[in-house]
Protein chains: 4
Amino acid sequence: MKNKPAFSPKNTARDTTRSKNSILSAALIEFSAHGHAGARIDRIARQAKVSKPLIYAFFGNKDALYTAALREAYVQIRVREQALNLDEMDPENAIRALVRFTLQHFKSNPWFVSILNTENLRGGKSIREIEDLAEIRSDVVNKLDKILQRGVQTGVFRAGVDPLNFYIAIASLCFFPISNRYTLRTVFDCPIDDAWLEQKAEDAAEMALKFLYP
Amino acid sequence: MKNKPAFSPKNTARDTTRSKNSILSAALIEFSAHGHAGARIDRIARQAKVSKPLIYAFFGNKDALYTAALREAYVQIRVREQALNLDEMDPENAIRALVRFTLQHFKSNPWFVSILNTENLRGGKSIREIEDLAEIRSDVVNKLDKILQRGVQTGVFRAGVDPLNFYIAIASLCFFPISNRYTLRTVFDCPIDDAWLEQKAEDAAEMALKFLYP
Amino acid sequence: MKNKPAFSPKNTARDTTRSKNSILSAALIEFSAHGHAGARIDRIARQAKVSKPLIYAFFGNKDALYTAALREAYVQIRVREQALNLDEMDPENAIRALVRFTLQHFKSNPWFVSILNTENLRGGKSIREIEDLAEIRSDVVNKLDKILQRGVQTGVFRAGVDPLNFYIAIASLCFFPISNRYTLRTVFDCPIDDAWLEQKAEDAAEMALKFLYP
Amino acid sequence: MKNKPAFSPKNTARDTTRSKNSILSAALIEFSAHGHAGARIDRIARQAKVSKPLIYAFFGNKDALYTAALREAYVQIRVREQALNLDEMDPENAIRALVRFTLQHFKSNPWFVSILNTENLRGGKSIREIEDLAEIRSDVVNKLDKILQRGVQTGVFRAGVDPLNFYIAIASLCFFPISNRYTLRTVFDCPIDDAWLEQKAEDAAEMALKFLYP
DNA sequence: TATGAATGAGTATTCATTCAT
DNA sequence: AATGAATGAATACTCATTCAT
């Protein structure tokens with residue numbers, strides 16, 4: 001019981017960070033899987049391999065933990081967005097890449113889709129509380145703006161397209177089929193498998209491009 | 001105690017129906033406002049002005065009530081869809097009208113958006129249980145199909161556009177800005193008021209049409 | 001399981017009252033035995049032979065239950081006070097009887113002494129909330145007033161003694177030795193048994209009377 | 001991390017005492033403000049500006065800390081009692097001074113009143129544990145004894161009055177109006193301000209003296 | 001059909017206490 | 001001597017569900 005290795009003096013600070021991150025990851029999973037009301041602190045503690053009181057010591061209460069998890073969701077998704085490099089492609093292909101990436105992004109991080117929906121179901125009660133909004137804001141709109149400008153310069157795109165509204169359109173086309181996959185599947189009796197989503201991405205890219213052409 | 005007046009024969013059947021509908025309406029409101037886990041049978045009973053045991057007598061348990069409310073949401077939304085008449089318009093205007101209607105539809109029936117999201121958050125656990133799917137399926141895809149065919153015939157639209165996929169694209173463009181209004185508002189700092197949504201509808205119609213042109 | 005006697009239709013209303021009273025009695029015992037913070041809803045439920053949710057259904061929360069128990073303590077003590085009849089005694093004996101009764105009263109209803117102390121320890125937070133103060137107010141001061149007036153008339157008591165302040169003095173002399181019996185016992189090493197308290201009552205009566213003589 | 005300066009040899013003994021006293025003061029405040037069950041080790045630690053483990057290192061557990069705080073209450077109150085000098089007054093004035101002092105004493109040290117009540121509510125569980133009772137016992141009874149003897153000698157007081165019982169009577173008259181101020185205030189609708197208490201002291205002195213006269 | 005009373009099994013949160021350094 | 005991190009065992013309170021009538 002007392003055989004902790006003596007060569008580990010850095011324990012305190014590091015373990016705290018590890019515990020906090022562990023809790024945050026577990027909370028993110030739990031809240032996106034069960035929603036705000038359905039999430040259980042018990043499960044988060046078990047998943048994070050810490051005790052419940054530690055969660056309360058670090059985060060205060062369920063609401064604050066949820067808010068922290070929501071923020072973490074954005075932070076993680078923004079980190080993953082960094083990987084996207086569109087500067088070297090020609091404008092049309094950049095748009096195609098952006099659309100494919102966006103859909104793929106939502107598909108491979110379903111907890112993000114879920115926690116977004118959860119938060120909107122709550123009327124955005126918690127996202128308003130987040131202070132450091134800079135870390136939450138997406139850089140993609142800026143990237144898109146550059147692509148559009150390049151396209152206008154080369155004459156392949158028409159001018160006057162608002163990058164934010166255009167990005168929201170792309171996000172809509174990519175988010176909805178994933179977010180609503182279960183109801184779509186039953187109501188329209190379509191498979192919603194990888195191939196189907198792949199096709200969605202192609203359609204969306206096509207639609208986006210045709211909207212941009214002069 | 002069991003001396004209900006014998007001279008009230010209509011009581012039984014009619015009141016039963018009224019109670020059931022009252023419960024269903026209350027449940028729809030409650031589930032879309034609070035999600036599945038956050039909904040409270042107590043509140044539904046109070047809102048519907050019936051006792052809790054009556055709810056259990058009619059619907060069995062919370063899950064079954066939720067499923068019934070979900071079904072009711074679709075039924076109601078399909079009823080409202082009937083009002084839409086597109087046959088008399090020329091194809092382009094019909095598309096424009098369809099897009100505007102769809103966005104308006106989601107905007108004025110936010111409980112539908114909410115309960116759809118709730119159900120998808122649950123992985124579609126309940127919608128699978130609904131038996132009478134015919135009543136749930138939308139007729140809009142058929143209407144859209146006819147428009148597309150008319151457009152192809154008059155040469156204004158290109159051929160080969162799948163009506164279902166095209167409808168899902170339109171739904172995406174209309175659903176997402178409403179469904180995600182709260183996070184969009186905070187993250188992108190845009191107003192999401194009526195004017196903004198109006199503009200969304202115009203953009204969406206434009207995008208849809210350009211996708212259809214030859 | 002379904003063998004409840006058919007001849008008991010009055011059940012509902014009566015059992016409710018019985019449950020409420022049962023809870024109230026248990027709460028009174030629990031709060032006076034353990035103080036406000038030390039009291040346990042669990043124990044109250046077990047003692048009252050009802051479930052915890054029923055307590056919450058009837059009383060709302062721990063604080064409200066405590067307030068109700070405090071009120072009940074006063075109500076019960078006032079009821080017991082009614083038994084006291086002093087009109088037929090001569091003034092001096094009436095004072096003696098009043099003092100003896102007061103001490104005996106506190107001695108045989110120790111939960112009253114305890115809950116009074118508990119409430120004062122709380123700064124009177126709850127007694128302020130009680131609405132129907134009439135039921136809580138003691139009639140003893142009025143009775144005492146009459147005795148004093150009779151005594152003044154017969155010349156055995158001096159005039160000008162305020163009945164309320166005089167009653168508080170009597171209450172002080174009777175309350176303190178009982179309320180503080182445990183610390184007194186240890187600090188002054190005196191027995192604080194029935195005989196000792198009996199003697200206290202005689203001393204108090206003597207002191208009270210000498211204060212009244214002209 | 002363990003680089004406390006070696007040139008601080010006084011540190012050990014003196015700081016220990018300071019920490020202990022700091023804890024004790026904080027505990028006294030906390031226990032008298034919230035009772036035994038309502039007191040929080042956390043708050044005591046914060047108030048005393050030490051860590052919780054230090055409290056446990058010094059005192060063992062909550063109960064032992066409470067006992068130490070109770071003892072400290074008596075010690076402090078006895079220290080304050082030393083100030084009282086009655087030898088130079090004539091017996092009647094000495095009694096008056098004693099009564100006034102006693103009431104004033106309770107009024108200006110309300111934590112003493114509170115912790116006494118708390119301990120009695122606990123059935124004296126902890127005061128029994130205190131070993132060094134000598135330090136806890138009041139010297140006032142001895143002082144009072146001398147006054148009574150002087151009064152008997154000068155013929156102003158009657159003989160045969162037991163000083164302990166008489167002191168308890170005085171304590172009763174002074175303790176109760178302060179201890180029970182909140183319930184008295186509400187039940188009898190009297191102010192319980194300084195003037196009222198002042199009057200109480202005069203009444204009590206008057207009552208005490210009349211009890212002593214031959 | 002309809003309901004007020006009642007409850008078992010949770011659920012967020014707290015608190016005295018200990019561990020590891 | 002001293003502490004930040006951590007936890008087992010409650011504790012007030014809730015909620016879907018059922019009982020008795």
Side-chain angles (χ1 to χ4, degrees), chain A residues 1-2 4 6 8-13 15-16 18-20 37 39-45 50-58 60-63 65, chain B residues 1-2 4 11-13 15-16 19-20 37-45 50-58 60-63 65, chain C residues 1-2 4 6 8-13 15-16 18-20 37 39-45 50-58 60-63 65, chain D residues 1-2 4 11-13 15-16 19-20 37-45 50-58 60-63 65:
Chain A
M1 236 131 221
K2 240 199 154 183
K4 260 280 173 74
S8 176
K10 62 217 146 88
N11 189 311
T12 311
D15 275 18
T16 298
R18 196 184 300 171
S19 293
K20 258 184 182 161
R40 295 290 170 256
I41 299 288
D42 248 359
R43 281 195 294 248
I44 293 172
V50 299
S51 65
K52 281 188 286 175
L54 195 64
I55 295 178
Y56 283 88
F58 282 150
N61 59 20
K62 191 184 182 181
D63 254 46
L65 177 59
Chain B
M1 233 121 232
K2 240 201 151 181
K4 265 275 176 75
N11 184 312
T12 325
D15 277 15
T16 299
S19 292
K20 257 185 181 162
R40 296 291 170 256
I41 299 287
D42 240 1
R43 280 197 294 250
I44 294 172
V50 300
S51 67
K52 282 188 287 176
L54 193 63
I55 295 178
Y56 282 88
F58 283 151
N61 60 19
K62 191 185 183 181
D63 256 44
L65 177 59
Chain C
M1 233 129 225
K2 242 201 152 182
K4 261 278 175 74
S8 175
K10 63 219 145 86
N11 189 308
T12 313
D15 276 17
T16 299
R18 197 184 299 172
S19 294
K20 258 186 182 160
R40 296 291 169 254
I41 299 287
D42 246 0
R43 280 197 293 250
I44 293 172
V50 299
S51 65
K52 280 187 287 176
L54 195 64
I55 295 178
Y56 284 89
F58 282 150
N61 60 18
K62 190 184 182 181
D63 254 45
L65 177 59
Chain D
M1 236 127 223
K2 240 203 154 183
K4 265 275 177 72
N11 184 313
T12 327
D15 277 16
T16 299
S19 291
K20 258 185 179 162
R40 296 292 170 254
I41 300 286
D42 240 1
R43 280 197 295 248
I44 294 172
V50 300
S51 67
K52 282 188 287 175
L54 193 63
I55 294 178
Y56 281 87
F58 282 151
N61 61 18
K62 191 185 184 182
D63 256 44
L65 177 59

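- Heavy-atom nearest nucleotides on DNA chain F were determined for C:R40 and for B:N61, and the one closer to the 5' end corresponds to C:R40.
- Here C:R40 contributes atom CZ and C:K62 contributes atom NZ; the two are 5.5 Å apart, rounded to the nearest 0.5 Å.
- Between B:D42 atom CG and E:dT3 atom P the separation is 14 Å, expressed in whole Å.
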Pairing string of DNA chain E (Watson-Crick or G-U wobble, both atom distances under 3.5 Å; | = paired to other strand) is .||||||||||||||||||||
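- For the pair C:I41 CD1 and F:dA10 P, the interatomic distance rounds to 17 Å; values are reported in whole Å.
- For D:Y56 and F:dG4, the OH to P distance is 16 Å, given to the nearest whole Å.
- Contact annotation: the side chain of C:I44 never approaches that of C:V50 to less than 4.5 Å [non-hydrogen atoms, C-beta and beyond].
- C:S51 and C:A45 make their closest contact through C-CB, 4.2 Å (heavy atoms, listed as atom of the first residue, atom of the second, distance).
- DNA chain F is contacted by both D:S51 and B:P53; D:S51 maps to the nucleotide lying nearer its 5′ end (nearest heavy atom per residue).
- D:L65 is not listed as a side-chain neighbour of D:Y56, based on a closest heavy-atom distance of 4.5 Å or more.
- You won't find any donor-acceptor pair under 3.5 Å spanning the side chain of A:K52 and the base of F:dT7, going by distance alone.
- For the pair A:I55 CD1 and F:dT7 P, the computed distance is 10 Å after rounding to whole Å.
- One distance of note links CG of C:N61 with CD1 of C:I55; it measures 12.0 Å at 0.5 Å rounding.
- For A:R43 and E:dT13, the CZ to P distance is 15 Å, given to the nearest whole Å.
- Listed by chain and residue number, C:F58, C:F59 satisfy the side-chain contact (heavy atoms from CB on, under 4.5 Å) test with C:K20 (two or more places apart in sequence, or in another chain).
- Distances shown here put every side-chain N or O of D:T16 at or beyond 4.0 Å from the OP1 or OP2 atom of F:dA1.
- No engagement by A:A45 is indicated, since no non-hydrogen atom pair under 4.0 Å with the nucleic acid exists.
- Rounded to a whole Å, the NZ atom of C:K62 is 16 Å from the P atom of F:dA10.
- Using a 4.0 Å heavy-atom distance criterion, A:A37 is classed as making no nucleic acid contact.
- As a whole-Å value, the separation of D:L54 CG from F:dA2 C1' is 6 Å.
- Map C:A57 and B:S19 each onto its nearest nucleotide of DNA chain E; the residue landing nearer the 5' end is B:S19.
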